[in-house]
Amino acid sequence: MLDKKVAQLLNEQINKELYSAYLYLDFSVFYEAQGLDGFANWYMIQAQEERDHAMLMLQYLQMCGEKVTLEAVAKPDKVLAQLMDPLKEGLAHEEYVTGLINTIYAAAYDVKDFRTMQFLDWFVKEQLEEEKTADDMIKKMELFGNDSKGLYSLDSEFAARVYTAPSLVL
């Protein structure tokens, strides 16, 4: 049985991951409207990843015999006007999620819940990758985004991304 606080934080994180999926879906819609199908593809796949993160946490709670409580997912509230806006908002959001994962990890550590800590290790590594990727996208956009050929090249690069389900095994 999980510690009540750890179980509550994991339940809350399911909602946060679903919000992340919804947020990235909003970014995808924004880029699609701008005619940037590659950027739209990148964020559509990102939305799928976030949904899978929520499902992994849901399954973990179920395996631990905990009740899963699903809450309403908030509407994304980011104002997207410039092509750079989703990229910057994405990095800020990933940094926020890293803080949330660290909070859950710390709560598990406090009660010596090594099983949950091991489960969260994958998410800790994933957040490092997510932040690095978001930062790299901003740097590329700063370097090439103001040039139409550069923007076209970035869009093509992002269009090549394919969905890969998380490799975490429960």
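- Side-chain contact between L56 and Q59 is present, with at least one heavy-atom pair separated by less than 4.5 Å.
- Between the N41 side chain and the A159 main chain, a donor and an acceptor come within less than 3.5 Å of each other.
- Under the 3.5 Å distance criterion, the side-chain polar atoms of D26 are left unmatched by any main-chain donor or acceptor of P86.
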Trace of the side chain to side chain contact (heavy atoms under 4.5 Å, CB included) decision for L18 with Y22: CA-CA 6 Å; L18 292 172; Y22 206 32; over 6 Å; no
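- Side-chain contact check for C64 versus R115: some heavy-atom pair is nearer than 4.5 Å.
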L10 vs I104, side chain to side chain contact (heavy atoms under 4.5 Å, CB included): CA-CA, chis, key distance, verdict: CA-CA 7 Å; L10 284 167; I104 303 168; 3.9 Å; yes
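- Side-chain contact between M84 and E142 is present, with heavy atoms from C-beta onward closer than 4.5 Å.
- Taking F30 as the reference, nothing meets the ring pair (Phe, Tyr, Trp, His ring centres under 6.0 Å) condition, with sequence neighbours excluded.
- In the hydrophobic cluster analysis, where Ile, Leu, Val, Met, Phe, Trp and Tyr join through side-chain heavy atoms closer than 4.5 angstrom, F119 is grouped apart from M1.
- Distance alone, capped at 3.5 Å, places no donor-acceptor pair between the S153 side chain and the K149 backbone.
- When the shell of 6.0 Å around CG of D77 is examined, it contains more than 12 heavy atoms from other residues, nucleotides or ligands.
- Pairs passing the salt bridge (charged side-chain N to carboxylate O under 4.0 Å, His left out) check and including a residue from residues 126-138, sequence neighbours excluded, read K132-D136, D135-K139.
- One finds the OG atom of S28 at 9.0 Å from the CG atom of D37 (value rounded to the nearest 0.5 Å).
- At least one donor-acceptor pair closer than 3.5 Å links the side chain of Q127 to the backbone N or O of E94.
- Between Y60 and E66 there is no side-chain heavy-atom pair separated by less than 4.5 Å.
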Residues T116, D3; criterion side chain to side chain contact (heavy atoms under 4.5 Å, CB included); working and verdict: CA-CA 10 Å; T116 299; D3 174 78; over 6 Å; no
CA sep, side-chain torsions, deciding dist, call: L87, L91, side chain to side chain contact (heavy atoms under 4.5 Å, CB included): CA-CA 6 Å; L87 301 177; L91 176 58; over 6 Å; no
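- At least one side-chain heavy atom of I101 sits under 4.5 Å from a side-chain heavy atom of V124.
- When side chains are defined from C-beta on, V97 counts as touching Q13, because their heavy atoms get closer than 4.5 Å.
- The distance from the OG1 atom of T69 to the CD1 atom of I14 is 8.5 Å, given to the nearest 0.5 Å.
- Annotation: side chain of L36 is not in contact with side chain of L154 (no heavy-atom distance under 4.5 Å).
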Check against side-chain hydrogen bond (donor to acceptor under 3.5 Å, both in side chains), D147 and Y152: CA-CA 8 Å; D147 172 70; Y152 179 81; over 6 Å; no
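- E50 has its side chain out of reach of H93: every pair of non-hydrogen atoms, C-beta onward, lies at least 4.5 Å apart.
- Remark: of the listed residues W42, F158, F39, F39 is the sole one forming a ring pair (Phe, Tyr, Trp, His ring centres under 6.0 Å) with Y31.
- Linking ILVMFWY residues whenever their side-chain heavy atoms come closer than 4.5 Å, directly or via other members, leaves V29 and M44 in distinct clusters.
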